[in-house]
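Bear in mind the structure is a predicted one, so any value in this text is a computation, not a measurement. Letters A, B, ... mirror the listed sequences (proteins, then strands); counts begin at 1.
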Amino acid sequence: MSNVRVLCVAEKPTIARQVSGVLSGGSFRTRNGKSKYNKNFEFTYNFGQWGYAQVVMTSVSGHLLLIDFPSNYGWDKVTPGRLFEAPITEVVPNDKKDIYNNIKQEARFATILMIWTDCDREGEYIGWEIVKAAQEGNPRIQIETSVFRSQFSHLERNHVIHAANNPISLNMKAVDAVACRQEIDLRVGLSFTRLLSRSLGSSRVIEPKTLISYGTCQFPTLGFIVDRYKRVKSFVPEQFWYIKVTLKKNDQMADFHWTRGNIFDRLFPTLVYSDLLARFPQGGKVQMSHPRPTSKWKPLPLTTVILQKDCSVYFKMSAKATLDAAEKLYQSGWLLYPRTETDVFPDAMDLHSLIQNQTQSPIWGSYALELLNDGKFDRPRAGKNNDQAHPPIHPVVFVSTDVLRDSNQRNVYEYVVRRFLASCSRDAKGEQTKATFEWGHEKFVAEGVMVKELNYLEVYKYQKWESSKQLPQFENGELIKPFKHGIFEGKTSPPQYMTEAELILLMDANGIGTDATIAEHITKIIDRQYVSKTKVGRGGPEVLVPSWLGMGLIDGFDSMEFDDISLSKPFLRKDLEVNLSMIVSGSKTKQDVLTEFVTLYKRAYATTNSKLPLLNDSCRRCRDLTTTQASTTTPAM
DNA sequence: GCAAGGTC
């Protein structure tokens, strides 16, 4: 036995246990350490480059360290603007002390430290935090010589073994990028939060000491909701006109739509229509296309954001409730890790055995069986996103829905299973027929769809695809006089208030928050009473509407004139993300980006500080407007 | 009392 001792550290306990299982061939010893949840697993493993080694595999639970300002930079000790230059300290939070000490202790006799955190930017930084904890226990651990990083994106056996045998070094550029984000978020968040709370409190717009927080993610999120709210409120319907004809054959009718669509000027369709009646009273010719195959695509492999969006739409669950339920299912071992951006299954993944597990279900078991035995299996579509850390969300083992007592968990589990089976199924197939009616120089079209094979829709009950009314059997080139015709008018309809499902997609598309935090940002701005959830009408969807405070804050910021930036819109945060990627790729340094963004926010802070009366007035105005409205009329919603 | 990011 060589005397190489390898300390492996994963980002969370479940990964440590599973990797230990693979590398030890199932025979590892579990030893309690200083932390209740983060066990230490011991075994031997032949790493190739170091030969047989004694291994201790343990874990952290996310970040180990937190950055903060020194205590003499507290709330009432300095003006908030000084936080842009204040020194920053690193602390081990109380609830992480045990984990930190466990790493320190276990590192004492290690010759090699191997990092097994998720392969994403934050994982790289957590790796660096682990290195610092380990070095405190054992100064011989050096980043250049004795720290290695394994690369893995899922826990399939060969993949894990390959990761163990081919480690690389920690990516310090990714570490820099995260350090940069942390520092900017801290300086900006805390300085603006203190400034806003103090200003609105002391001017009595709000109860003094009320917390008015600003965050680089909170405010763009609020901005989306306010923006939509204003568009609904300022919406003016517009009238439009269109021509519609109905053809009849063998007692079957079909509506044909004008290819020019809706016209916002009444004169034009009136002229066209009277021209048709005057010059082509005999009608026009119908052309019928051959039936063309069409399909409705099965869903992509499941990401966190889509899970949250769909559970919001199908079960009216909040993003937070969905993530909580998925987290519990994951901890119970029923579901795979619920936070992922990946919508493509790795090639090596054994989808068949995952489907096999579901054949036990009395509800969808027979469908799963058909997929396996009747050759109905079809490889899942590949999406474009891969976070290199986790595969798409999917069921790990079968659990009867009676065992899941919590209805949220039941819904989420069933949804994930059906989605998974659907993604392993064929697309739904149908036939589309198109008919064109040429009346004078105008064209009208009608479409008919016939569903032939439901395929994935048999198990994915959340979507529907039904055959439309069939078109009559017109002869090609047949001359027909419209059975009914006329000019119709309509009105454009207003946009709807923001639903949580839409907000999640907007945040995701704009790089506001991550799969793990989007739900938290939404609950945070609800907690802060910037927005609230309301129902539209009876039985209508639940929507997010801004409070007077939320409106006032966004209006206030929008009325200050910053040079070229906005504190209420997503662009700055997105720009930061772009710059962080540049740190990772090496085209900018951490210092470049820090200087650029701290300068920018500092200038915005100075502007805000000098124009605080605008913000106070804006909030006061929104407050007084709602209170007078509420006392004289019924509330708007 | 304060951010956003991990995760239990």
Side-chain angles (χ1 to χ4, degrees), chain A residues 9-17 35-39 59-69 71 73-78 80 83-84 86 88 93 95-96 98-99 117-130 174-175 177-198 200-201 206-221 304 323-324 326-328 330-332 337-340 387 389-390 507 511-525 527-528 567 573 576-577 580 597-598 601:
Chain A
V9 186
E11 189 162 321
K12 41 192 163 286
T14 48
I15 301 282
R17 182 179 291 276
S35 160
K36 190 173 157 200
Y37 299 104
N38 307 80
K39 310 277 187 204
S59 59
V60 291
S61 291
H63 283 282
L64 261 186
L65 304 171
L66 202 62
I67 58 167
D68 199 359
F69 294 114
S71 55
Y73 285 82
W75 198 268
D76 285 319
K77 302 215 169 105
V78 292
L83 298 181
F84 285 101
I88 287 176
D95 60 337
K96 296 296 170 73
D98 288 344
I99 303 176
T117 49
D118 296 352
C119 287
D120 52 26
R121 234 161 48 194
E122 296 294 330
E124 218 64 22
Y125 191 86
I126 293 169
W128 175 234
E129 294 174 338
I130 293 166
V175 171
V178 173
C180 183
R181 176 197 59 71
Q182 288 188 335
E183 184 171 334
I184 291 166
D185 284 339
L186 180 76
R187 293 193 190 280
V188 175
L190 271 58
S191 58
F192 273 93
T193 296
R194 291 181 190 179
L195 180 71
L196 298 186
S197 305
R198 203 152 74 176
L200 292 170
I206 48 161
E207 205 52 36
K209 301 256 165 183
T210 311
L211 186 63
I212 305 295
S213 63
Y214 179 92
T216 54
C217 288
Q218 288 176 40
F219 261 59
T221 306
T304 307
L323 202 57
D324 287 349
E327 179 72 38
K328 294 237 171 61
Y330 160 65
Q331 281 165 29
S332 316
Y337 186 65
R339 285 179 278 270
T340 179
D387 60 19
H390 309 281
M507 292 173 73
I512 302 300
T514 68
D515 43 32
T517 60
I518 280 178
E520 286 175 34
H521 295 310
I522 301 173
T523 47
K524 180 156 275 172
I525 59 173
D527 284 351
R528 295 280 189 261
L567 295 181
R573 178 77 202 189
L576 175 61
E577 287 296 323
L580 296 179
F597 277 81
V598 171
Y601 274 110

[X] side chain, from C-beta outward: closest of [options]:
X: Thr514(A); options: dG5(B), dG1(B), dA3(B); answer: dG5(B)
X: Thr216(A); options: dC2(B), dG5(B), dA4(B); answer: dA4(B)
X: Glu122(A); options: dG5(B), dT7(B), dA3(B); answer: dG5(B)
X: Asp76(A); options: dG1(B), dG5(B), dA3(B); answer: dG1(B)
X: Glu11(A); options: dA3(B), dG1(B), dT7(B); answer: dT7(B)

> Given atom CD1 of Ile206(A) and atom P of dC2(B), what is their separation to the nearest angstrom?
Replying inline: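 Distance check: Ile206(A) CD1 to dC2(B) P gives 14 Å.
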> Starting at CD of Glu183(A) and ending at P of dG5(B), how long is that distance when rounded to a whole Å?
Replying inline: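 Distance, rounded to whole Å: 16 Å.
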N/O (side chain, [X]) to phosphate O (OP1/OP2, [N]) under 4.0 Å:
X: Gln331(A); N: dC8(B); result: no
X: Arg339(A); N: dC8(B); result: no
X: Thr210(A); N: dG1(B); result: no
X: Arg187(A); N: dA4(B); result: no
X: Tyr337(A); N: dT7(B); result: yes
X: Lys328(A); N: dC8(B); result: no
X: Arg181(A); N: dG5(B); result: no
X: Thr193(A); N: dA3(B); result: no

Is [X] touching bases, backbone alone, or none of the nucleic acid, heavy atoms closer than 4.0 Å?
X: Tyr125(A); value: nothing
X: Gly123(A); value: nothing
X: Glu327(A); value: sugar-phosphate
X: Gly189(A); value: sugar-phosphate
X: Arg198(A); value: nothing
X: Pro13(A); value: sugar-phosphate
X: Ile67(A); value: base
X: Lys209(A); value: base
X: Asp515(A); value: nothing
X: Leu66(A); value: base
X: Asp95(A); value: nothing
X: Arg528(A); value: sugar-phosphate

> Toward the 5' end of DNA chain B, which comes first, Gln182(A) or Lys12(A), by nearest nucleotide?
Replying inline: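 Residue closer to the 5' terminus by nearest nucleotide: Gln182(A).
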> Relative to the 5' end of DNA chain B, which residue comes earlier, His521(A) or Asn38(A), by the nucleotide with the nearest heavy atom?
Replying inline: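 Nearest nucleotide further toward 5': that of His521(A).
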>> Pair Tyr601(A), Ser191(A) - check side chain to side chain donor-acceptor pair (under 3.5 Å), show working.
In response: CA-CA 10 Å; Tyr601(A) 274 110; Ser191(A) 58; over 6 Å; no
> Any donor-acceptor pair under 3.5 Å linking the side chain of Thr523(A) with the backbone of Glu520(A)?
Replying inline: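 Looks like yes, one N/O pair under 3.5 Å.
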>> Under a 3.5 Å distance rule, please check whether Asn38(A) uses its side chain to pair with a backbone N or O of Pro13(A) as donor and acceptor.
In response: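 Between the backbone of Pro13(A) and the side chain of Asn38(A) there is no qualifying donor-acceptor contact (under 3.5 Å).
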>> Check the orientation of Phe192(A) and Phe84(A). Use parallel for under 30°, tilted for 30 to 60°, and perpendicular for over 60°.
In response: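 Ring orientation, 0 to 90° scale: perpendicular.
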>> Counting C-beta onward and ignoring hydrogens, is there a side-chain heavy-atom pair between Leu323(A) and Thr304(A) closer than 4.5 Å?
In response: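 Leu323(A) vs Thr304(A): side chains touch.
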> Are the side chains of Tyr330(A) and Thr14(A) in touch, meaning some heavy atoms are under 4.5 Å apart?
Replying inline: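 When only atoms from C-beta onward are counted, Thr14(A) and Tyr330(A) do touch, with a gap below 4.5 Å.
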> Can we say Glu327(A) and Arg339(A) salt-bridge, meaning some charged N sits less than 4.0 Å from an Asp/Glu carboxylate O?
Replying inline: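 Salt bridge: yes.
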